[in-house]
Colleague: 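Here it is, the structure, as structure tokens.
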Number of protein chains: 2
Amino acid sequence: MRINCMCTANIQPATSQRKLLLSVIREAKGHLDAKELYRRASKRNASISLATVYRNLRFFKEQALIDERHFGHTRSCCYEMKRSEEHYHLVCRDCGHVIEFESPLIHKLVAEIRRKNNFDVTRVELCLEGYCHDCKKEEKPLSKVT
Amino acid sequence: MRINCMCTANIQPATSQRKLLLSVIREAKGHLDAKELYRRASKRNASISLATVYRNLRFFKEQALIDERHFGHTRSCCYEMKRSEEHYHLVCRDCGHVIEFESPLIHKLVAEIRRKNNFDVTRVELCLEGYCHDCKKEEKPLSKVT
DNA sequence: TTTGGAATGCGAATCAATTGCATGTGCACA
DNA sequence: TGTGCACATGCAATTGATTCGCATTCCAAA
Ligand SMILES: [Mn+2]
Ligand SMILES: [Mn+2]
Ligand SMILES: [Zn+2]
Ligand SMILES: [Zn+2]
């Protein structure tokens with residue numbers, strides 16, 4: 001068994017692949033899925049394997065270095081660096097843009113659930129679908145059922 | 001092209017498989033995934049195909065007869081009859097139980113997003129993970145990060 | 001340095017979901 | 001009450017995402 005070493009924090013062992021993957025995630029603008037992470041990492045290390053990408057995504061998740069997101073109906077999930085403050089997402093059904101937001105209402109909701117349902121919330125999966133500012137003005141289908 | 005007929009509402013054509021599947025979903029206690037729906041339907045019609053289950057799940061979804069849910073980390077999604085009032089879910093990480101709940105805070109959140117982000121919300125995907133009443137009292141792991 | 005245990009690369013395997021195609025069937029219209 | 005045909009079905013093959021087995025390589029603690 002291997003004990004924690006302080007030099008490389010919780011990235012341990014600090015293999016070149018592991019460091020590369022984490023820096024790609026860190027430098028990414030938006031949210032990456034495994035395939036896209038693999039594509040970008042391959043540019044810097046052509047021999048990296050997709051399995052290694054998946055294994056490290058799981059590792060980073062376990063180390064709480066990254067967050068996993070399930071957006072809308074997309075098959076694969078996305079990843080991003082964990083930040084100090086929690087945040088949630090709006091996904092436009094039209095252009096696919098992902099907008100991040102935060103609201104104190106979510107803390108209130110969690111508190112309410114803890115009180116009313118006697119349920120200890122450890123994770124909030126919240127994603128709202130709809131039409132963004134730019135896409136909502138364009139023509140919409142006639143039926144506006146739910 | 002076929003014009004709508006009123007006799008069978010939006011289930012049309014009303015094939016035996018389609019009627020069977022809908023009644024299995026209707027009679028189900030909880031939330032079903034495709035495999036489980038297939039299992040239950042097969043008891044009443046042994047020749048039904050899994051592809052037909054998937055095709056009809058998509059059909060029912062398009063007809064807004066059922067709702068699709070993505071619970072926690074489970075690979076496959078679950079389905080349930082659409083109800084008049086919207087509701088959301090708590091999933092226990094320990095025993096897997098799914099608890100349904102509703103809260104006016106969610107309406108408030110949607111309104112806030114519409115106002116602040118100028119975003120038209122059409123669907124709220126919300127699922128909270130944690131520990132239910134029965135599981136939270138039992139011993140927990142030492143580290144309580146996240 | 002040495003060395004054990006963990007990480008990697010590769011391909012094969014899984015698992016959920018979709019699709020192509022030949023066949024069967026519900027139902028609008030005659 | 002029949003008939004036609006668009007659409008539904010069954011089956012098998014396919015896709016797409018993720019995981020796994022295994023031989024090999026690589027960290028990092030001592
Ligand atoms: Mn984000
Ligand atoms: Mn429900
Ligand atoms: Zn948009
Ligand atoms: Zn529980």
Side-chain angles (χ1 to χ4, degrees), chain A residues 1-24 31-39 41-63 65-66 68-79, chain B residues 1-24 31-39 41-63 65-66 68-79:
Chain A
M1 190 210 320
R2 170 162 282 143
I3 316 280
N4 251 331
C5 134
M6 277 296 92
C7 52
T8 42
N10 22 22
I11 314 169
Q12 179 244 49
T15 65
S16 65
Q17 294 89 334
R18 194 160 275 182
K19 287 184 281 185
L20 168 59
L21 290 170
L22 202 56
S23 72
V24 171
H31 305 86
L32 299 169
D33 64 6
K35 213 50 165 307
E36 179 60 23
L37 175 54
Y38 173 64
R39 242 177 262 122
S42 297
K43 288 182 189 163
R44 293 206 244 159
N45 172 353
S47 76
I48 198 169
S49 152
L50 185 55
T52 295
V53 171
Y54 277 108
R55 279 187 286 235
N56 277 295
L57 282 172
R58 187 195 305 202
F59 173 85
F60 296 150
K61 220 188 330 172
E62 285 165 3
Q63 303 296 312
L65 290 170
I66 63 174
E68 186 182 80
R69 312 289 188 186
H70 306 276
F71 290 152
H73 301 99
T74 48
R75 311 258 144 276
S76 58
C77 40
C78 289
Y79 301 87
Chain B
M1 191 210 322
R2 171 163 284 141
I3 316 280
N4 250 331
C5 135
M6 278 295 94
C7 52
T8 42
N10 20 24
I11 314 169
Q12 180 245 51
T15 64
S16 65
Q17 294 88 335
R18 197 161 274 183
K19 287 184 284 185
L20 169 59
L21 289 170
L22 202 56
S23 71
V24 171
H31 306 85
L32 300 170
D33 64 7
K35 216 45 166 309
E36 179 61 23
L37 175 54
Y38 173 63
R39 244 176 260 123
S42 297
K43 288 182 189 162
R44 293 205 244 159
N45 172 352
S47 77
I48 199 170
S49 151
L50 185 55
T52 294
V53 170
Y54 277 110
R55 279 187 285 234
N56 276 296
L57 282 172
R58 188 195 303 200
F59 174 84
F60 296 149
K61 220 187 333 173
E62 284 165 3
Q63 303 296 313
L65 291 170
I66 63 175
E68 185 182 82
R69 313 286 187 188
H70 302 36
F71 289 153
H73 300 98
T74 48
R75 308 263 144 271
S76 58
C77 39
C78 289
Y79 301 86

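Throughout, a chain's letter reflects where its sequence line sits, starting with A, and its residues are numbered from 1. The shown structure was predicted, so the numbers you read here are calculated from the model rather than taken from an experiment.
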Colleague: How sharply is the helix from C:dT1-D:dA30 to C:dA30-D:dT1 bent, taking the axes over five pairs at either end and rounding to 10 degrees?
Modeller: 40°
Colleague: If I take atom NE2 in residue A:His73 and atom C1' in nucleotide C:dT18, what distance separates them, rounded to the nearest angstrom?
Modeller: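 Whole-Å distance recorded here is 16 Å.
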Colleague: Measure CZ/A:Arg75 against C1'/C:dC15 and give the value in whole Å, please.
Modeller: 13 Å
Colleague: Of the nucleotides D:dT18, C:dA7, C:dG26, which one has an atom closest to the side chain of B:Thr15?
Modeller: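 Among D:dT18, C:dA7, C:dG26, the one nearest the side chain of B:Thr15 is C:dG26.
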Colleague: Between B:Asn45 and A:Gln17, which has a closest nucleotide on DNA chain D that is more 5'?
Modeller: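 By nearest-heavy-atom nucleotide position, the 5'-most residue is B:Asn45.
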Colleague: Rounded to whole Å, please give me the gap between NE2 in B:His70 and C1' in D:dA17.
Modeller: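 The answer, rounded to whole Å, is 14 Å.
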Colleague: If I take atom CG in residue A:Leu22 and atom P in nucleotide C:dA7, what distance separates them, rounded to the nearest angstrom?
Modeller: 15 Å
Colleague: Could you check whether B:Ser16 gets within reach of a base, just the sugar-phosphate, or nothing at all, counting any heavy atom under 4.0 Å?
Modeller: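 Nothing, no heavy atom under 4.0 Å.
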Colleague: Between atom CG of A:Leu21 and atom CG of A:Leu65, what is the distance when rounded to the nearest 0.5 Å?
Modeller: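 With rounding to 0.5 Å, CG (A:Leu21) is 12.0 Å from CG (A:Leu65).
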Colleague: Please walk me through it: do A:Gln17 and A:Asn45 pass side-chain contact (heavy atoms from CB on, under 4.5 Å)?
Modeller: CA-CA 8 Å; A:Gln17 294 89 334; A:Asn45 172 353; 4.2 Å; yes
Colleague: Roughly, in whole Å, what's the span from CG in A:Leu20 to P in D:dC27?
Modeller: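 Interatomic distance, CG of A:Leu20 to P of D:dC27: 13 Å.
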Colleague: May I have the distance from B:Tyr38 (atom OH) to D:dT9 (atom P), rounded to whole angstrom?
Modeller: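 So the OH-P distance, B:Tyr38 to D:dT9, works out to 14 Å.
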Colleague: Provide, to the nearest angstrom, the distance between the CZ atom belonging to A:Phe60 and the P atom belonging to C:dA7.
Modeller: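 In whole Å, C:dA7 P and A:Phe60 CZ are 11 Å from each other.
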Colleague: Please pick, from D:dG10, C:dA17, D:dA28, the nucleotide with the shortest atom-to-atom distance to any side-chain atom of B:Ile48.
Modeller: D:dG10
Colleague: Taking only heavy atoms on the protein side, list every residue of residues 49-59 of chain A lying under 4.0 Å from any atom of DNA chain C, sorted numerically.
Modeller: A:Ser49, A:Ala51, A:Thr52, A:Arg55, A:Asn56
Colleague: Just how far, in rounded Å, is C1' of D:dC26 from CD1 of A:Ile11?
Modeller: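 The distance from CD1 of A:Ile11 to C1' of D:dC26 comes to 17 Å, rounded to the nearest Å.
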Colleague: Applying salt bridge (charged side-chain N to carboxylate O under 4.0 Å, His left out), can you list everything that pairs with B:Arg58, at least two apart in sequence or on another chain?
Modeller: none
Colleague: Picking from D:dT9, C:dA16, C:dA17, which would you name as closest to the side chain of B:Cys77?
Modeller: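 Of all the options, the side chain of B:Cys77 is nearest to C:dA17.
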Colleague: Below 4.0 angstrom from OP1 or OP2 of C:dA7, is there any side-chain N or O of A:Arg18?
Modeller: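 Affirmative; the distance criterion is met.
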Colleague: Picking from D:dT18, C:dG26, C:dA16, which would you name as closest to the side chain of B:Lys35?
Modeller: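 Closest nucleotide to the B:Lys35 side chain: C:dA16.
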